[in-house]
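Each chain gets a letter, A, B and so on, in the order its sequence line appears, and its residues count up from 1. Keep in mind that what you see is a predicted model, and the values were worked out from it rather than measured.
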Amino acid sequence: MNYELIIFYLFASVLVAAAISVVTVRNPVYAALFLILAFFSSSAIWIMLEAEFLGVVLILVYVGAVMVLFLFVIMMLDINIDILREGFIRYLPVGLLVAVAVAAEMIFVLTSDTIKTVVAPARHAADYSNTEALGEILYTDYVYPFEIAAVVLVVAIIAAIVLTHRKRDPSTKSQNISHQVRVKSSDRLRIIKMDAETKTSNKVGE
Amino acid sequence: MDSLLSIWDLVPEVLQTLIVILLKIVAIILPLILAVAYTTLAERKVIGYMQVRLGPNRVGIKGSLQPIADTVKLMFKEVILPTKANTFVFYFAPVMALTPALVAWSVIPFQSGWALADINVGLLFILAITSLDVFGIILAGWASNSKYAILSAMRAGAQVVSYEIAMGFALVGVLMAAGSLSLSEIVLAQSGGITQWFMWPLFGLMVVYFISGVAETNRAPFDVAEGESEIVAGFHVEYSGMAFALFFLGEYANMLLISAVAAILFMGGWLSPFESMSALTDLPYIGVLFGNGIHWFFLKIAFFIFLYLWFRATFPRYRYDQIMRLGWKILIPVTLVYIFFEGVAIGLGWKPWL
C-alpha cells in the first residue's frame with residue numbers, strides 16, 4: 001500500500017462521511033458546512049487524478065460563491081426543525097424506493113463489463129498542465145458545444161433578471177448617483193448680491 | 001555535525017520530506033505573523049502622522065514594542081461566549097477566518113525557487129483560497145446570535161461575492177499577458193527591468209485588482225462589514241480576547257497577501273527595476289542590492305501596504321449601494337473591455353506591449 005492510496009482513502013472516507021452528514025444533521029447551517037467539507041474532499045481527489053484545474057475551480061465556484069449564497073439564504077430563514085421532521089415517516093417509503101433505485105443503477109453500471117475493461121491511464125510527467133490540455137480540447141474539438149453552453153448561460157442570466165425584475169411604483173424615490181457625483185456648489189447654493197441692511201429699514205419691520 | 005547528519009539519514013524518507021515541509025511552513029508563518037504584528041504598528045504610526053499625531057510612542061523605543069504589548073494583553077483577556085450562541089460555530093469561525101489567509105501563502109514565490117509549493121495553477125489557487133475568507137465572517141455573524149453581527153455577515157457576503165468577479169477578470173488579464181497560471185512564471189515573464197513589468201500595459205487592471213483587493217479584505221473605505229458608526233463592529237462585536245485576535249490576524253495577513261499578489265502580478269515580484277542596467281548591478285558590494293532579490297519583493301509589498309493605510313486615513317466609508325454600484329457597474333465592465341482589447345492586441349501580435 002503506497003502513500004498515495006492512504007491519502008486517497010483518507011479523503012474518500014472524509015468525503016463519504018461528510019456527504020452522509022449533509023442529509024442527517026438537523027441544523028441546516030451544519031449541513032451547509034458539511035457540504036463545503038464534501039466539496040473540499042472531492043476537489044482533493046480530483047487534484048490527485050491530475051485534474052488540478054477542475055479541483056481548484058470546484059472550490060472557487062461551489063465553495064467560494066455558491067455556498068456563500070446558500071449560507072446567506074439559510075441564515076435568513078427561521079427554520080423550525082420540528083415541522084421539517086413531521087413528514088419523515090410519511091415520505092419514508094418513497095425515499096427508500098428512490099434510494100434502492102439509485103443503488104441498483106450504480107451497482108448495474110459499476111459491475112458492467114465496460115467498466116471492468118477500462119484500464120487506468122498512465123501518469124503524466126510533472127510538467128503536464130491540466131489547464132492547457134482542457135483549454136486546447138475546449139477550443140478545438142468541443143468549440144461549438146462550449147459556445148452553445150455559454151449562450152445558454154447568458155440566456156439564463158437574462159431570464160433570471162427579467163423574471164425577478166418588478167416595475168417600481170413611479171412615486172418611489174431613488175438616487176441617481178451620476179447626478180449626485182456631478183453636482184456643483186453652484187447648483188445647491190445661490191449667492192445673492194444685495195445692499196447691506198440699514199438700521200432704518202430694520203425699524204420698518206418693527 | 002556528522003553525527004547529526006547520520007541521525008537524519010536514519011529517519012525514513014517520508015518522514016524526512018514531512019519534516020522539511022513543516023520547517024518550510026514555520027519559516028513562512030513565523031515571519032508572516034511578525035509582519036502582521038508590525039503592520040498594525042505601521043498602520044497606527046502612518047495614520048498618526050497623516051493626522052499630525054505621534055501615534056503609539058510609550059512602549060519600547062518610539063513605540064516599537066507596542067504590537068507585543070497588544071498581543072500579550074489580548075492573550076490574557078477572557079473569551080466571552082454570548083448566551084444562545086452556537087458554541088461550535090462561534091469558536092470555529094475565527095479559525096475559518098485565519099486559516100485561508102495563511103494557506104494562500106504556500107504558493108507565493110518569494111524568490112526564484114523559494115516557494116513552498118510552486119504549483120502550475122497558483123493564480124487560481126490564490127483566488128479560490130481567498131474566496132474562503134468570507135466564511136469566517138459569515139459564520140461569526142450567524143453564530144454570535146446578535147443582530148449587528150448578522151447584518152455585518154450579510155453585507156460582507158454580498159460584497160465579497162461581487163468583488164471576486166472583478167478581481168477574477170483582472171487576474172484573467174494577467175494570465176493572458178503572461179501565458180501561464182504559475183506565479184513564478186508570471187514573474188519571469190516580466191523580467192528585463194521596470195519597463196517590462198505588467199503594471200504599464202495592464203495599469204487599469206492593476207487599479208481594478210487593488211480596489212477589489214481592498215474590498216475583499218473589508219478594509220476602509222469598503223469596511224461596511226465593520227462599520228463602527230453603523231453596526232458597532234459588525235461580525236466581531238461579540239468576540240473578545242484571542243478569538244477576536246484571530247480575526248484581526250486574518251485581516252492583516254490577507255492585506256499582506258493581496259499586496260504580495262499585486263506585487264507578483266503587476267510589479268515583477270522579486271525582480272529588480274534595475275535588472276537590465278548592468279552598470280548598476282555590476283557595482284562591487286552594493287551591486288547585489290540593485291540585482292534581483294527578495295528585498296525588492298518586500299519593498300513592493302510595503303508599498304501596497306502603505307496604499308492600504310493611506311486609503312484608510314483619506315477616504316470616507318462608501319455607502320452600501322455605492323459599493324455595489326462600483327463593483328458591478330464600473331469595475332466589471334472596465335475589466336471586460338480591457339480583456340477584450342488585450343485579446344485583440346495579442347491576436348494582432350502586439351505581445352511585447354502586453
Side-chain angles (χ1 to χ4, degrees), chain A residues 2-4 6-7 25 27-30 32-33 35-37 39-40 43 46-47 50-78 124-135 157 161 174-178 180-181, chain B residues 13-14 17-18 86 88-89 92-93 96 100 103 107 118-135 137-139 141-143 149-151 153-162 164-165 167-168 171 175 179-182 185 216 319 321-322 324-326 329-330:
Chain A
N2 57 4
Y3 294 101
E4 204 184 314
I6 295 177
I7 296 173
V25 291
N27 190 328
V29 172
Y30 284 179
L33 289 179
L35 192 54
I36 293 170
L37 184 60
F39 280 138
F40 251 100
S43 129
W46 272 3
I47 289 172
E50 301 180 347
E52 71 272 358
F53 181 79
L54 294 176
V56 174
V57 166
L58 180 74
I59 294 183
L60 182 61
V61 175
Y62 281 91
V63 181
V66 174
M67 288 314 293
V68 171
L69 299 177
F70 258 50
L71 274 177
F72 215 93
V73 174
I74 290 171
M75 286 173 184
M76 298 297 276
L77 303 173
D78 184 22
H124 292 282
D127 61 344
Y128 165 77
S129 170
N130 174 240
T131 320
E132 272 181 44
L134 208 68
I157 292 171
I161 294 171
S174 64
Q175 290 168 330
N176 186 339
I177 295 189
S178 46
Q180 293 180 341
V181 172
Chain B
E13 203 183 335
V14 182
T17 25
L18 196 69
N86 185 316
F88 171 71
V89 180
F92 181 64
M96 256 324 262
V103 168
V107 294
D118 195 3
I119 58 175
N120 56 7
V121 285
L123 197 56
L124 263 183
F125 182 84
I126 294 233
L127 197 62
I129 295 297
T130 47
S131 70
L132 302 181
D133 292 325
V134 68
F135 281 110
I137 295 178
I138 292 187
L139 292 178
W142 177 77
I150 195 114
L151 276 175
M154 297 290 133
R155 288 176 171 202
Q159 178 179 329
V160 169
V161 170
S162 332
E164 218 153 66
I165 303 168
M167 186 183 245
L171 299 187
L175 131 80
S180 172
L181 276 171
S182 155
E185 274 176 42
E216 288 261 299
R319 216 171 50 210
D321 62 313
Q322 291 170 331
M324 286 297 142
R325 179 174 172 272
L326 181 68
K329 294 188 181 169
I330 298 177

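For B:Asn86, the part lying under 4.5 angstrom from a heavy atom of chain A is the side chain only. Only the side chain of B:Leu132 comes within less than 4.5 Å of a heavy atom of chain A; its backbone N, CA, C and O stay farther away. Of the two parts of B:Ile165, neither the backbone nor the side chain holds a non-hydrogen atom closer than 4.5 Å to a non-hydrogen atom of chain A. With a 4.5 Å cut-off on non-hydrogen atoms, B:Leu181 touches chain A through its side chain but not through its backbone.
With respect to chain A, the highest number of heavy-atom pairs below 4.5 Å among B:Arg319, B:Met96, B:Gln322, B:Glu164 belongs to B:Arg319. Of the residues considered (A:Val56, A:Leu69, A:Leu33, A:Val29), A:Val29 shows the highest number of contacts with chain B, using heavy-atom pairs under 4.5 Å.
Taking CD1 from A:Ile59 and CD1 from B:Ile129, the interatomic distance works out to 5.5 Å, rounded to the nearest 0.5 Å. Atom CZ of B:Phe88 sits about 11.0 Å away from atom CG of A:Asn27, to the nearest 0.5 Å. Between A:Glu52 atom CD and B:Phe125 atom CZ the span is 12.0 Å, to the nearest 0.5 Å.
Counting heavy atoms of neighbouring residues, nucleotides and ligands inside a 6.0 Å radius, atom OH of A:Tyr62 does not exceed 12 of them.
When the side chain to side chain donor-acceptor pair (under 3.5 Å) test is applied to A:Thr131, no partner is found at least two apart in sequence or on another chain.
Closest approach of A:Leu60 and B:Ser131 over heavy atoms only: CD1-OG, 4.3 Å.
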